[in-house]
2 protein chains.
Amino acid sequence: MISKKTKYGLKALIYLARRYEQGPILIADLARDESIPKKFLENILLNLKNAGVLQSRKGRGGGYALGRPPEKITFGQAIRLMEGPLAPVPCVSEMAYARCTECGSELTCGIRLVMKDVRDEMARILDGTTLADVLVKIDGAEDRGRNLIDFCI
Amino acid sequence: MISKKTKYGLKALIYLARRYEQGPILIADLARDESIPKKFLENILLNLKNAGVLQSRKGRGGGYALGRPPEKITFGQAIRLMEGPLAPVPCVSEMAYARCTECGSELTCGIRLVMKDVRDEMARILDGTTLADVLVKIDGAEDRGRNLIDFCI
DNA sequence: ACTTTATTCAACTATTTCAGTCAACAAAAA
DNA sequence: TTTTTGTTGACTGAAATAGTTGAATAAAGT
Ligand code: FES
Ligand code: FES
């Protein structure tokens with residue numbers, strides 16, 4: 001299960017992607033609209049900014065915005081920044097490989113052999129999904145929801 | 001990342017699967033061979049036994065064994081018992097669905113739309129892999145390792 | 001210059017989970 | 001009955017999670 005931190009961060013990114021053309025967004029507005037504790041959101045956004053995913057401006061007229069277009073930010077990148085490596089075991093991580101201290105031989109480790117496949121599939125989906133893709137998915141889901149209602153009427 | 005508990009548990013299951021025909025295995029042997037803290041391993045195995053995956057016998061000649069054949073125990077089952085639901089968010093879990101308290105509408109949640117795909121792929125792989133499958137994979141990997149050495153010579 | 005509006009940063013706290021241990025207990029074989 | 005072995009729940013220390021507090025800093029408007 002992903003942490004609340006990650007979930008809040010992803011919600012914030014989707015929110016900012018939706019308003020990408022509108023200039024800087026206030027933390028306070030974001031926190032209110034998505035019901036995220038404001039102070040907690042502050043340090044999440046700061047993390048994302050330090051990683052280059054977001055940019056910010058202080059003072060009047062300031063706020064947060066995406067650091068690059070929504071098509072250039074993937075779920076995979078965001079999750080790695082907040083949650084750590086995607087891989088279920090360190091020995092199959094491509095971005096943050098580490099040896100498994102518990103396992104003798106890496107080549108013949110049964111856990112590794114299975115988890116490699118899991119990691120690869122997760123990476124394929126998450127690195128292949130940008131914020132722009134998610135906006136499209138959401139719009140599609142909304143339309144389908146509306147049609148269902150229309151159909152009922 | 002999976003917890004050590006889960007990793008130890010999976011190692012134990014693979015170990016017991018390999019020795020499925022040999023009758024009960026002592027915790028002490030298992031702990032020594034896989035270098036798992038014995039006391040910790042005890043309550044991991046107990047969990048698995050209470051879930052029906054393992055069986056045990058007390059006294060001399062006792063020990064632990066699989067509760068059913070290796071072809072009937074999947075990685076997915078084992079991981080769910082030790083690590084909890086596979087799903088990254090509770091709202092896409094099939095075995096342990098729960099509403100996401102943080103999200104307003106479930107139907108149009110961008111996180112959910114993406115994580116649904118992730119969960120389904122993970123479930124496909126992990127529920128589709130039995131202990132017997134893993135043993136075969138390990139043997140295959142060992143053979144490939146040997147061939148590589150032969151080739152070098 | 002001064003105030004207002006914002007983000008930034010360090011430090012602090014409470015709660016929960018993880019990793020592992022202890023000691024008393026129960027069952028079965030010798 | 002004694003010894004060997006597994007069973008169980010309670011316990012502990014360390015780390016991660018989920019926040020909070022409060023002061024510092026920066027930019028814009030007056
Ligand atoms: S080597 Fe990484 S899980 Fe075994
Ligand atoms: S992630 Fe579950 S509804 Fe949004």
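In what follows, chains are A, B, ... by sequence order, proteins preceding strands, each numbered from 1. What you are looking at is a predicted structure, and each value in this text was computed from that prediction instead of being measured.
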Between A:D139 and A:R18, is a salt bridge (charged side-chain N to carboxylate O under 4.0 Å, His left out) present by the stated rule, with each step listed? CA-CA 11 Å; A:D139 294 343; A:R18 180 69 79 190; 3.2 Å; yes
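- Taking every nucleotide of DNA chain D with any atom under 4.0 Å from a non-hydrogen atom of chain B, the first and last of them, 5' to 3', are D:dT4 to D:dT8.
- A:Q55 places a side-chain N or O within donor-acceptor distance of the main-chain N or O of A:L66, the cut-off being under 3.5 Å.
- Taken from SG in B:C91 to CZ in B:R119, the straight-line distance is 11.5 Å, to the nearest 0.5 Å.
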Indicate for each nucleotide in nucleotides 22-30 of chain C, in 5' to 3' sequence, whether protein heavy atoms under 4.0 Å reach the base (B), only the sugar-phosphate (S), or nothing (-). BB---SSSS
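- Side-chain N/O atoms of B:E142 and A:T108 include no donor and acceptor closer than 3.5 Å.
- An OP1 or OP2 oxygen of C:dT8 is reached within less than 4.0 angstrom by a side-chain nitrogen or oxygen of A:S56.
- With no hydrogens or angles considered, no side-chain donor-acceptor pair links A:E102 and B:S35 at under 3.5 Å.
- Pairs of residues two or more places apart, or lying in two chains, that qualify as side-chain hydrogen bond (donor to acceptor under 3.5 Å, both in side chains) and include a residue from residues 67-76 of chain A are A:R68-A:Q77.
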Taking only N/O atoms, report every protein-nucleotides 13-19 of chain C pair under 3.5 Å with atom names and distance.
unit_1: C:dA19; atom_1: OP1; unit_2: B:K4; atom_2: N; d: 3.3
unit_1: C:dA19; atom_1: OP2; unit_2: B:K4; atom_2: N; d: 3.2

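- Under the 3.5 Å distance criterion, the side-chain polar atoms of B:T129 are matched with a main-chain donor or acceptor of B:I125.
- Both the sub-6.0 Å distance and the 45° axial angle are satisfied by B:R19 relative to the ring of B:Y15.
- Note that the CD1 atom of B:I2 and the CE atom of B:M82 stand 8.0 Å from one another [nearest 0.5 Å].
- For the pair A:E34 (side chain) and A:K11 (backbone), a donor-acceptor distance under 3.5 Å is absent.
- Remark: A:L46, A:K49 in residues 45-54 of chain A come within less than 4.0 Å of DNA chain C through at least one heavy atom.
- No donor-acceptor distance shorter than 3.5 angstrom exists from the side chain of B:E106 to the backbone of B:R99, with no hydrogens or angles considered.
- Qualifying side-chain hydrogen bond (donor to acceptor under 3.5 Å, both in side chains) partners for B:Y8, counting only residues two or more places apart in sequence or in other chains: none.
- Here the side chains of B:L113 and A:V134 are not in contact, with every heavy-atom distance at 4.5 Å or above.
- The separation between A:I44 atom CD1 and C:dC9 atom P is 16 Å, rounded to whole Å.
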